[in-house]
Structures are given as C-alpha cells and as structure tokens.
Amino acid sequence: MNIIEQVRKKQPLIHHITNQVVMNFTANGLLSFGGSPIMAKEVSEARDMATIADGVLINIGTLVQPDIEAMIIAGQTANERGIPVVLDPVGVAATPYRKQAIKKLFNNVQFTAVKGNAGEMAHLVEIAWETKGVESIDDDMSKLESVALQVAEKYNTLAIVTGKIDVVAQGTNVKVNDTGHEYLTQITGAGCLLGSIVTACLTTNSDQIKAVYEAVRFYGQAAEQAAARSDVFGTGTFLPHFIDALATKE
C-alpha cells in the first residue's frame with residue numbers, strides 16, 4: 001500500500017492552528033485528499049485537541065498573540081505523544097513580531113518538518129533572500145538545496161522548500177520535485193493546504209522523507225491534472241477541479 005493509500009485508509013485527524021484566511025480551503029482540501037481536519041486555536045483546549053489528533057499543523061499566517069501559547073502547548077503535546085508536528089513559518093521575514101514568534105516556537109517545540117517558500121526558509125538560516133510581504137520573489141535555484149540542507153541541520157528537522165521546484169531535505173538526503181502548475185502560485189492558501197497534506201502523510205508508517213516527497217509530488221500532479229482540463233480557464237475554474245483531483249489522483 002503506497003503512502004497516499006495509507007492516508008486514505010487511515011483518515012488521520014490533523015489538528016490545525018492555522019491561517020484564518022485559508023481555513024475553509026485547507027479543511028476541504030484535506031477532506032478531499034483523505035484526511036480529517038479540525039481547526040482549534042483556543043489555548044484552553046490545545047492540549048486536549050493535540051491529544052486526540054494524529055498530527056499537528058502550526059501555521060503563523062494570521063498570527064495573534066494568544067495563538068503562540070496554543071501552538072506551543074499543541075506542539076509539546078505532539079512531541080510527548082510522538083506524533084508529527086509541522087511548522088509553516090508564513091511571512092517570517094516580514095516583521096519582527098513574526099521573527100520573535102518563530103524563535104519562541106523553535107525554542108519550545110521539536111518540529112518533524114518545516115515547510116516554507118524560499119524566502120521564509122532562507123530567513124530561518126540567515127541567508128539573504130528577496131521577499132515582498134509574505135512572498136518570496138527571488139527564486140535563485142542554485143541556493144535552494146543549500147537552504148533546505150541548512151534548515152534541516154540547524155533545526156534537526158525535515159525541510160521543505162517550496163516553489164517552481166520543491167526541495168525536500170533530511171540530514172544529507174535531498175529530493176527534488178518538479179511537478180506542479182503556475183495556478184498554485186496565483187491562489188490563496190496553496191502552500192497552507194500543502195502543509196496539511198504533508199502532516200497527514202507523516203502520520204503513515206513510512207520513511208519520513210519519502211512520505212513528505214510523495215505528498216509534494218502528489219500535490220503538484222493533482223494541480224497538473226486539474227489545470228489540464230478543457231473546462232479550466234483560470235484560477236476560478238481551477239480551484240474546484242483541484243479539490244476534485246486531490247480525491248481522484250492515484
């Protein structure tokens with residue numbers, strides 16, 4: 001049974017403390033893929049939610065102060081239980097507030113995987129990269145592998161650098177994925193949903209780097225499948241077919 005089939009059979013419950021802008025898209029995308037989402041940011045129930053979950057996703061896209069405590073509690077609970085916890089450091093380079101929040105998260109939680117665009121990931125290892133707001137606007141492909149390897153080493157984690165080419169690194173192992181479609185860069189939440197699907201794949205009984213690579217590869221292929229349809233004319237018609245493809249792509 002391959003990794004995608006394992007997820008669909010298991011239907012893992014993923015506890016999300018995530019970007020409010022994309023909660024609906026993330027939830028529907030994970031459901032289509034085969035996982036089970038729960039969106040819960042309240043500090044008082046963070047431990048309870050992480051206790052019943054199969055994996056935890058932490059995404060700082062619309063971070064507010066109370067979220068940080070909930071993220072730490074959920075992340076530490078995941079660590080105690082030995083379940084995957086994934087970090088998406090959205091826009092970490094944009095403001096001092098985000099930088100301090102990410103530093104606090106790393107100081108308190110051991111992340112199974114960290115996923116971000118080139119600018120976000122480069123910032124985590126103090127490599128100069130041009131960004132605008134929360135977006136990376138400099139895709140110097142010669143640096144991507146180095147960024148991924150340095151993030152993996154510094155934080156003892158699995159690093160996923162996303163972009164036109166995705167680079168996955170763990171230890172000294174590197175995998176490169178070139179599936180995908182430009183529409184993914186033109187919709188809100190494509191990266192956020194990928195973080196959810198990566199978390200779901202990490203709940204399987206598979207080698208971690210293989211699970212993450214399969215998640216990224218599958219996600220790109222689903223986008224290609226949806227974009228290739230004759231009734232897709234842009235991002236508006238792409239979105240519902242992409243959700244469909246997450247369920248139907250083998």
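These values consider heavy atoms only, across backbone and side chains, with no hydrogens, waters or symmetry-generated copies.
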Tyr219 side chain to Leu193 main-chain N or O, any donor-acceptor pair under 3.5 Å?
no

Test side-chain contact (heavy atoms from CB on, under 4.5 Å) on Leu246 and Ile197 and set out the steps.
CA-CA 10 Å; Leu246 291 172; Ile197 286 174; 4.1 Å; yes

side-chain contact (heavy atoms from CB on, under 4.5 Å), that's the test. Do Met71 and Leu63 meet it? Break it down for me.
CA-CA 10 Å; Met71 289 172 174; Leu63 186 71; 3.6 Å; yes

Minimum heavy-atom separation for Thr18 and Thr62, please, with both atom names.
O-OG1, 4.1 Å

May I ask you to test the Val216-Thr162 pair for a side-chain heavy-atom distance under 4.5 Å?
no

State, to 0.1 Å, how close Ala78 and Val56 come at their nearest heavy-atom pair, and which atoms those are.
CB-CG2, 4.0 Å

Would the distance check show the side chain of Thr179 and the main-chain N or O of Arg217 forming a donor-acceptor pair, the cut-off being under 3.5 Å?
yes

Any side-chain heavy-atom pair from Lys104 and Ile68 closer than 4.5 angstrom?
yes

Could you measure the distance from the CD atom of Gln150 to the CD1 atom of Ile127? Nearest 0.5 Å is fine.
4.0 Å

Would you say that Phe218 contacts Ile3 through its side chain, given a criterion of any heavy-atom pair below 4.5 Å between the two side chains?
no

Sidechain-backbone polar pair: Arg81 side chain, Ala50 backbone, donor-acceptor under 3.5 Å
yes

Could you state the interatomic distance from CD1 (Ile165) to CG (Asp178), rounded to the nearest 0.5 Å?
5.0 Å

Does CG in Asn205 sit with more than 12 non-hydrogen atoms of other residues, nucleotides or ligands closer than 6.0 Å?
no

Linking I/L/V/M/F/W/Y whenever their side-chain heavy atoms sit closer than 4.5 Å, directly or via other members, would Leu194 and Ile209 fall into one cluster?
yes

Linking I/L/V/M/F/W/Y whenever their side-chain heavy atoms sit closer than 4.5 Å, directly or via other members, would Val147 and Val174 fall into one cluster?
yes

Reported CD1-to-NZ distance for the pair Ile160 and Lys175, which is rounded to 0.5 angstrom:
13.5 Å

ILVMFWY network linking Leu30 to Ile38, side-chain heavy atoms under 4.5 angstrom
no

May I ask you to test the Thr203-Ile14 pair for a side-chain heavy-atom distance under 4.5 Å?
yes

Applying side chain to side chain donor-acceptor pair (under 3.5 Å) to Glu224 and not counting sequence neighbours gives none

Decide whether Val125 and Ile60 are clustered together by the hydrophobic rule: side chain heavy atoms of Ile, Leu, Val, Met, Phe, Trp, Tyr closer than 4.5 Å, transitively.
yes

Taking the side chain as every heavy atom from C-beta outward, state whether Asn79 and Val85 have any pair of such atoms under 4.5 Å apart.
yes

What about Tyr213 and Val151, same hydrophobic cluster or not, with Ile/Leu/Val/Met/Phe/Trp/Tyr joined at side-chain heavy-atom distances under 4.5 Å?
no

Rounded to the nearest 0.5 Å, the CG atom of Leu184 sits from the NZ atom of Lys164 at a distance of 13.5 Å

Look at the side chain of Asp166 and the backbone N and O of Gly163, then say whether any donor-acceptor pair between them is shorter than 3.5 Å.
yes

NZ of Lys210: more than 12 outside heavy atoms within 6.0 angstrom?
no

What do the steps show when you test Phe111 against Tyr155 for side-chain contact (heavy atoms from CB on, under 4.5 Å), and what is the final call?
CA-CA 8 Å; Phe111 291 97; Tyr155 299 103; over 6 Å; no

Do NZ/NE/NH1/NH2 and the carboxylate oxygens of Arg8 and Glu5 come within less than 4.0 Å?
no

Does the Gln110 side chain pair with the main chain of Asn156, one donor and one acceptor, at a distance under 3.5 Å?
yes

Please round to the nearest 0.5 Å and tell me the distance separating atom CG of Leu149 and atom CG of Asn173.
9.0 Å

Results of side chain to side chain donor-acceptor pair (under 3.5 Å) for Gln76 - residues two or more places apart only
none

Distance only, no hydrogens: is a donor on one side chain within 3.5 Å (strictly under) of an acceptor on the other, for Thr248 and Gln225?
yes

Contacts of Asp67 that satisfy salt bridge (charged side-chain N to carboxylate O under 4.0 Å, His left out) - sequence neighbours left out
Lys41

Of the non-hydrogen atoms in Leu57 and Cys192, which two are nearest, and what is the gap between them?
CD2-O, 4.1 Å

Between Ser44 and Asp48, what is the shortest heavy-atom contact and its length?
O-OD2, 4.4 Å

I'd like to check the side chain to side chain donor-acceptor pair (under 3.5 Å) partners of Ser32; sequence neighbours left out, ordered by chain and number.
none

Using modelled atom types only, decide if a donor and an acceptor are shared between the side chain of Thr112 and the backbone of Val86 within a distance under 3.5 Å.
no

State which residues pass salt bridge (charged side-chain N to carboxylate O under 4.0 Å, His left out) with Glu80; sequence neighbours excluded, sorted by chain then number.
Arg47

Judged by atom type as modelled, is there a donor-acceptor pair below 3.5 Å linking the side chain of Thr157 to the main-chain atoms of Ala113?
yes

Donor-acceptor pair, distance only, cut-off 3.5 Å: does the side chain of Asp54 make one with the backbone of Leu13?
yes

If we ignore hydrogens and angles and just use 3.5 Å, is the side chain of Thr204 paired with the main-chain N or O of Cys201 as donor and acceptor?
yes

Between side-chain atoms of residues 19-27 and protein atoms elsewhere (two or more places apart, or another chain), which donor-acceptor pairs fall under 3.5 Å?
residue: Asn19; atom: OD1; partner: Val21; partner atom: N; Å: 3.0
residue: Asn24; atom: OD1; partner: Asn28; partner atom: ND2; Å: 3.2
residue: Thr26; atom: OG1; partner: Val22; partner atom: O; Å: 2.9

Please report the shortest heavy-atom distance between Ala40 and His15, naming the atom on each side.
O-NE2, 3.0 Å

Value rounded to 0.5 Å, distance of CG in Leu105 from CD1 in Ile72
5.5 Å

Checking Asp231 against His241 for the side-chain contact (heavy atoms from CB on, under 4.5 Å) test, could you report, in this order, the C-alpha distance in whole Å, the side-chain angles of both residues, the deciding distance, and whether it holds?
CA-CA 9 Å; Asp231 53 353; His241 293 301; 3.5 Å; yes

Minimal heavy-atom distance between Asp88 and Gly191, with the atoms involved, is OD2-O, 3.7 Å

So Phe238 and Phe242, would you call those rings parallel, tilted or perpendicular, with 30° and 60° as cut-offs?
parallel

Side chain to side chain, Glu42 and Met49, heavy atoms closer than 4.5 Å
no

Lys154 side chain to Leu124 main-chain N or O, any donor-acceptor pair under 3.5 Å?
yes

